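Okay, structure first, notes after.
In this text, all values refer to a predicted model and were calculated from it rather than measured experimentally. Below, chain A is the first sequence line, B the second, and so on; all start at residue 1. The basis for the numbers below is simple: all heavy atoms, side chains too, and nothing from hydrogens, waters or symmetry mates.
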2 protein chains.
Amino acid sequence: MANPALSRETLLPKLAAHVLEHGLGGASLRPLAKAAGTSDRMLIYHFGNKEQLVIDLLEYIAGVYSTALDMAIGPDRPKTRQECFERILEQGRQPGMQNFLVLWWEIVAGAARGVAGYREAADQMMTKQLAWLETQMPADDPDPAGGARFLMTLLEGTLMLGVVGHERTASDGLVAGQL
Amino acid sequence: MANPALSRETLLPKLAAHVLEHGLGGASLRPLAKAAGTSDRMLIYHFGNKEQLVIDLLEYIAGVYSTALDMAIGPDRPKTRQECFERILEQGRQPGMQNFLVLWWEIVAGAARGVAGYREAADQMMTKQLAWLETQMPADDPDPAGGARFLMTLLEGTLMLGVVGHERTASDGLVAGQL
DNA sequence: AACGCAATGTAGCAATTGCTACAAGAGGAA
DNA sequence: TTCCTCTTGTAGCAATTGCTACATTGCGTT
């Protein structure tokens, strides 16, 4: 091969970076190609068509998210469910996490509308996050599996409310719900 | 005026219907115009530009949602928070509600990305839903305001998990959380 | 009747979209 | 060498995008 430096595998990280920065729905071939240092012509060549490119890209991003979680195992366990919950929220506020969260809602929207690949990627990310959360539950939790699911539900609701400017609604609710 | 049958006010319901069916992000002027029985030329004439059209449309949709909630006051109050929660979930499963939910995630995604008008509309809808939920809390609830916020958070998390195929995660979590 | 203005149709434009046809270089296989 | 396949560049095409210029209609005012 002439230039193996530009295969799918080398392209995907750069494409992902561009998508994290500028969004997934509005991404078109030429800007994507420019960000990856190639041409639209080559993107089609490597991925077949744009739909497949998006599918592969989502799968790749889900994989990145997965390995990121693998490396994010905290050294110490939280004492309570509440502390666990707050730690994860705090983690979501990290600067590197913001782009990811914004993209996340785009993935959810695509999944809701049934766009190819979106639901699979979202499912994979949620499954992974759930498994990760189970490992992060308090050591003496009576029901880590169920508790993790409960926290997940609260967590996603809290994130959504935060996005639309209702972080207070969520935090006030948590107090009233005696999490 | 020559034809007052096609003003902003008469246009908006038809535009909203089209957007509920086909989505908001991918909506372009000509299909929108066709659905509303007019031309792209006239949409620009009435709304100035597309961005303003979307802003007005979101505001209108938020208003529709608001009045829909006003008319959805159940005759009897639920006995428990859990029953209240399940009723609302059930309501979200109504066929007419599905299109709305799909659009909702698009609005959330737009709000997260900072697109003009999205956050305002989402904020308005959440505020309204919260107020409505307060009126639907059990009559003997010790803290209706806080409880409503707690239920809202759980509700939105449950909806999101449902969208990505994790409805079981949410329902199992609710059991473990002794809602 | 003359005028003015709101409302609308017709054409079109420059940019962007995903994608393709064609050709060419480059490296390995025969 | 000759061929063949992988990879890439150059041009371009038909469709769609938001938007505009220009002309016309029709109604109310004067």
Next item on the list: Decide whether B:D70 and B:S66 meet the rule of one side-chain donor and one side-chain acceptor closer than 3.5 Å.
Entry: no
Checklist line | Atom pair distance, as rounded to whole Å: CZ in B:R30 and P in D:dT17 | finding: 7 Å
Check: Is the shortest heavy-atom distance from the side chain of A:E156 to the side chain of A:M126 under 4.5 Å?
Finding: yes
Check: When you check the side-chain N and O atoms of A:Q82 and A:E86, is any donor under 3.5 Å from an acceptor?
Finding: yes
Margin query: What's B:S39 touching, base or sugar-phosphate or nothing? Going by heavy atoms closer than 4.0 Å.
Written below: sugar-phosphate
Checklist line | Nearest to side-chain heavy atoms of B:L29, which nucleotide of D:dC19, D:dT7, C:dT17 | finding: D:dC19
Notebook entry, point to check: B:L43 has an atom CG; how far is it from atom C1' of C:dT8, in whole Å?
Noted result: 12 Å
Checklist line | Length of the OH-P vector between A:Y45 and D:dT5, whole Å | finding: 12 Å
Next item on the list: Quickly work out the A:E9 CD to D:dT7 P distance and round it to whole Å.
Entry: 11 Å
Checklist line | Contact nearer the 5' end of DNA chain D, comparing A:T38 with B:I44 | finding: A:T38
Notebook entry, point to check: What integer distance in Å separates A:N49:CG from C:dC19:P?
Noted result: 5 Å
Notebook entry, point to check: What nucleotide, of D:dT7, D:dA21, C:dA7, holds the atom closest to the side chain of A:M42?
Noted result: D:dT7
Margin query: Reading DNA chain D from 5' onward, which residue's closest nucleotide shows up sooner: B:E51 or A:D40?
Written below: A:D40
Item checked: Distance, rounded to the nearest Å, where B:K50 contributes NZ and D:dG18 contributes P -> 4 Å
Item checked: Close side-chain approach of B:P138 to B:R77, heavy-atom, < 4.5 Å -> no
Next item on the list: Starting at atom CZ of B:F47, determine the distance to atom C1' of C:dA7, rounded to an integer number of angstrom.
Entry: 15 Å
Check: Should the heavy atoms of other residues, nucleotides or ligands under 6.0 Å from CD of A:E59 be counted, would the total exceed 12?
Finding: no
Check: Within the pair A:H46 and D:dT8, is there a side-chain N or O less than 4.0 Å away from OP1 or OP2?
Finding: yes
Next item on the list: Could you check how far CZ of B:R41 sits from C1' of C:dA11, rounded to whole Å?
Entry: 12 Å
